[in-house]
Chemist: 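Next up is a structure, given as structure tokens.
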Amino acid sequence: MRVSATAASEQQEVTIRRRPPHGVEAQNCGPVDFKVPLGEMADENKPRNILEEIVWYKAVEIDRWRQRVPLAMLMASAKASPAPRDFIGAIKAAAQRTGKPGLIAEVKKASPSKGVIQPNFDPVKIAQAYERGGAACLSVLTDAKFFQGGFENLTAIRQAGVQCPLLCKEFIVEAYQVFKARASGADAILLIAAVLPNSDMNYLIKAARSVGLQCLIEVHTVGELERMLQLDSLEGCMLGINNRDLQTFKVDLANTKGIMESPAGQEVLKRGLVMAGESGIFTPEDVAYVQAAGCGAILVGESIVKQGDPEVAVKTLLELH
Ligand SMILES: O=P(O)(O)OC[C@@H](O)[C@@H](O)c1c[nH]c2ccccc12
């Protein structure tokens, strides 16, 4: 029997703070906003890195969404959406067909580290080109403020008749976002280990399953992977190793190799879980490198989205000509 991590040890592994330690500065009091004078505590109340900044802003964003669409209404539309597709199944099928890792091709306009990657951004056209090129699945960035994405892109891609299963690429901290993903046409969601303690992971995985969504669980370190392997609800999920450190933006493909060679990485393979190598994949050699490390999937954005013809870009990356 696997032993659950204690709350204390879990918290040590979660490297970001989910909220400003002294509360949000601007408090809303009926019709007026007032600022809480923080004095000496002001510095501590600043985000220490981009991941904290993004996650803190999510709370503000979710509150706004909730005022427009209450949770009960959103859940009803999530449940009424057309049936979700088998995201992990599509990756396995593509890998078997091609002998390459299944490609999750990312519809990405911009990022905090690179700025605008594709100024000529038409999400539906890009998605269709990825599909024609041979992508197994698509990842659609939904964060508006930091990635210039949107939930409406998920909906537009689904409604345009794209068949590939869709991952909602969002910084999920609350079940509200899970239902919003499903209501917008997603088949899978991303959950980031650096952001979520195991109790939240288990809860969000359950929320996802209640509406038929699969989960991609992202780690960046061996410690995070070890913690994820303790999740009761891991079976039926897939994992991903982000080669980009979301706190410093440094990208290093060797991160995938190092983690896969660790005992935790070996356990992933023993348990038959699909692992994706994520970020910084540019060439067929990069694909071969993460495949040799044990990845059955790859998640690629920049290198294929910035090219004039994303269909050709996918074929070239996977050597499908
Ligand atoms: O554009 P790249 O380097 O190919 O990376 C794609 C994807 O891995 C990256 O966008 C990503 C991985 N994990 C994330 C979490 C949130 C936002 C974005 C990401």
Side-chain angles (χ1 to χ4, degrees), residues 15-16 49-55 57-58 61 91 101-118 121 123 126-127 130 133 135-151 153-154 166-173 177 181 186 188-196 204 215-221 224-225 228 238-256 259 275-287 289-290 295 297-307 310 313-314 316-318:
T15 44
I16 67 132
N49 54 55
I50 185 75
L51 191 53
E52 274 193 354
E53 193 179 342
I54 294 171
V55 164
Y57 186 69
K58 276 296 156 200
E61 228 181 357
I91 289 176
L103 171 65
I104 307 166
E106 187 154 281
V107 179
K108 183 181 199 179
K109 177 175 181 184
S111 73
S113 58
K114 301 276 169 115
V116 173
I117 299 167
Q118 178 50 275
F121 183 74
I126 292 167
Y130 283 162
C137 297
L138 307 181
S139 161
V140 182
L141 273 155
T142 50
D143 180 82
K145 186 174 160 92
F146 298 89
F147 290 85
Q148 299 189 36
F151 282 85
N153 294 347
L154 268 175
L166 305 180
L167 173 74
C168 171
K169 199 66 166 330
E170 169 74 350
F171 295 83
I172 293 187
V173 288
Q177 294 157 289
I189 54 165
L190 178 79
L191 297 171
I192 303 175
V195 173
L196 300 164
L204 292 168
C215 299
L216 193 171
I217 297 177
E218 176 175 302
V219 302
H220 180 65
T221 63
E224 285 173 1
L225 181 57
M228 293 304 106
M238 66 174 285
L239 291 152
I241 297 172
N242 198 350
N243 296 307
R244 182 177 291 110
D245 185 329
L246 287 178
Q247 304 190 31
T248 63
F249 294 142
K250 266 184 52 191
V251 179
D252 183 5
L253 278 196
N255 196 43
T256 289
I259 294 179
M275 177 63 91
E278 305 178 4
S279 309
I281 296 173
F282 282 82
T283 63
E285 290 72 37
D286 294 341
V287 176
Y289 177 86
V290 297
C295 292
I298 48 173
L299 176 45
V300 184
E302 181 185 344
S303 72
I304 50 176
V305 86
K306 72 178 181 191
Q307 295 189 34
V314 166
T316 307
L317 186 69
L318 296 177

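Whatever order the structure lists ligands and atoms in, that order sets their numbers, starting from 1.
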Chemist: Going by an N to O cut-off under 4.0 Å, is there a salt bridge joining Arg244 and Glu278?
Modeler: no
Chemist: Counting each atom of ligand 1 from 1 as listed, which ones have a heavy atom of Val300 under 4.0 Å away?
Modeler: 4 (O)
Chemist: List the closest protein heavy-atom neighbour of atom 15 (C) of ligand 1: residue, atom name, distance to the nearest 0.1 Å.
Modeler: Leu190 CD2, 3.7 Å
Chemist: Which of the numbered atoms in ligand 1 are below 4.0 angstrom from a heavy atom of Asn242?
Modeler: 12 (C), 13 (N), 14 (C)
Chemist: What protein heavy atom lies closest to atom 4 (O) of ligand 1? Include the residue and the distance to one decimal.
Modeler: Gly301 N, 2.7 Å
Chemist: I need the atoms of ligand 1 closer than 4.0 Å to a non-hydrogen atom of Lys108, numbered in the order shown.
Modeler: 1 (O), 2 (P), 5 (O), 6 (C), 9 (C), 10 (O)
Chemist: For Gly280, is at least one N or O under 3.5 Å away from an N or O on ligand 1?
Modeler: yes
Chemist: Number the atoms of ligand 1 from 1 as they appear, then name those within less than 4.0 Å of a heavy atom of Glu278, with their elements.
Modeler: 8 (O), 12 (C), 13 (N)
Chemist: Quick test: of every protein heavy atom, which one is nearest to atom 11 (C) of ligand 1, and how far off is it to 0.1 Å?
Modeler: Lys169 NZ, 2.9 Å
Chemist: To the closest 0.5 Å, what do you measure between CG (Leu317) and OG (Ser303)?
Modeler: 5.5 Å
Chemist: With rounding to the nearest 0.5 angstrom, report the CG to OG distance, Leu166 to Ser139.
Modeler: 9.5 Å
Chemist: Any donor-acceptor pair under 3.5 Å linking the side chain of Thr142 with the backbone of Lys169?
Modeler: yes
Chemist: Donor-acceptor pair, distance only, cut-off 3.5 Å: does the side chain of Asn153 make one with the backbone of Gly149?
Modeler: no
Chemist: Under 4.0 Å from a heavy atom of Phe171: which atoms of ligand 1 are those, numbered in the order shown and with their elements?
Modeler: 16 (C), 17 (C)
Chemist: Keeping the roles fixed (side chain from Glu106, backbone from Val300), state whether a donor-acceptor pair exists under 3.5 Å.
Modeler: no
Chemist: Please list the nearest protein heavy atom to atom 8 (O) of ligand 1 with its residue and the distance rounded to 0.1 Å.
Modeler: Ser279 OG, 2.7 Å
Chemist: What residue and atom, counting heavy atoms only, is the protein's closest point to atom 10 (O) of ligand 1, and at what distance?
Modeler: Glu106 OE2, 2.5 Å
Chemist: Could you walk me through whether Leu196 and Leu204 satisfy the side chain to side chain contact (heavy atoms under 4.5 Å, CB included) test, starting with their C-alpha distance in whole Å, then the side-chain angles of each, then the deciding distance to 0.1 Å, before giving a yes or no?
Modeler: CA-CA 10 Å; Leu196 300 164; Leu204 292 168; 3.8 Å; yes
Chemist: Decide whether the shortest distance between a heavy atom of Arg244 and an atom of ligand 1 is less than 4.0 Å.
Modeler: yes
Chemist: What is the closest protein heavy atom to atom 13 (N) of ligand 1, and at what distance does it sit?
Modeler: Glu218 OE1, 2.7 Å
Chemist: With a 4.0 Å cut-off on heavy atoms, is Phe147 in contact with ligand 1?
Modeler: yes
Chemist: Find out whether the Lys NZ or Arg CZ of Lys109 is both under 6.0 angstrom from the six-membered ring centre of Phe147 and within 45° of the ring's axis.
Modeler: no
Chemist: Only one of Asn255, Asn242, Thr256 clears side chain to side chain donor-acceptor pair (under 3.5 Å) with Ser279; which?
Modeler: Asn242
Chemist: May I ask you to list the atoms of ligand 1 that are less than 4.0 angstrom from any heavy atom of Glu302?
Modeler: 1 (O), 2 (P), 4 (O)
Chemist: Backbone or side chain, does any N or O of Ser303 fall under 3.5 Å from an N or O of ligand 1?
Modeler: no
Chemist: Got a donor-acceptor contact below 3.5 angstrom from the Glu53 side chain to the Asn49 backbone?
Modeler: no
Chemist: Rounded to the nearest 0.5 Å, what separates atom CZ in Phe146 from atom OH in Tyr57?
Modeler: 8.0 Å
Chemist: Examine ligand 1 and decide if any of its atoms is less than 4.0 Å from a heavy atom belonging to Ile281.
Modeler: no
Chemist: Answer side chain, backbone, both or neither: which part of Val251 comes under 4.0 Å from ligand 1, heavy atoms only.
Modeler: neither
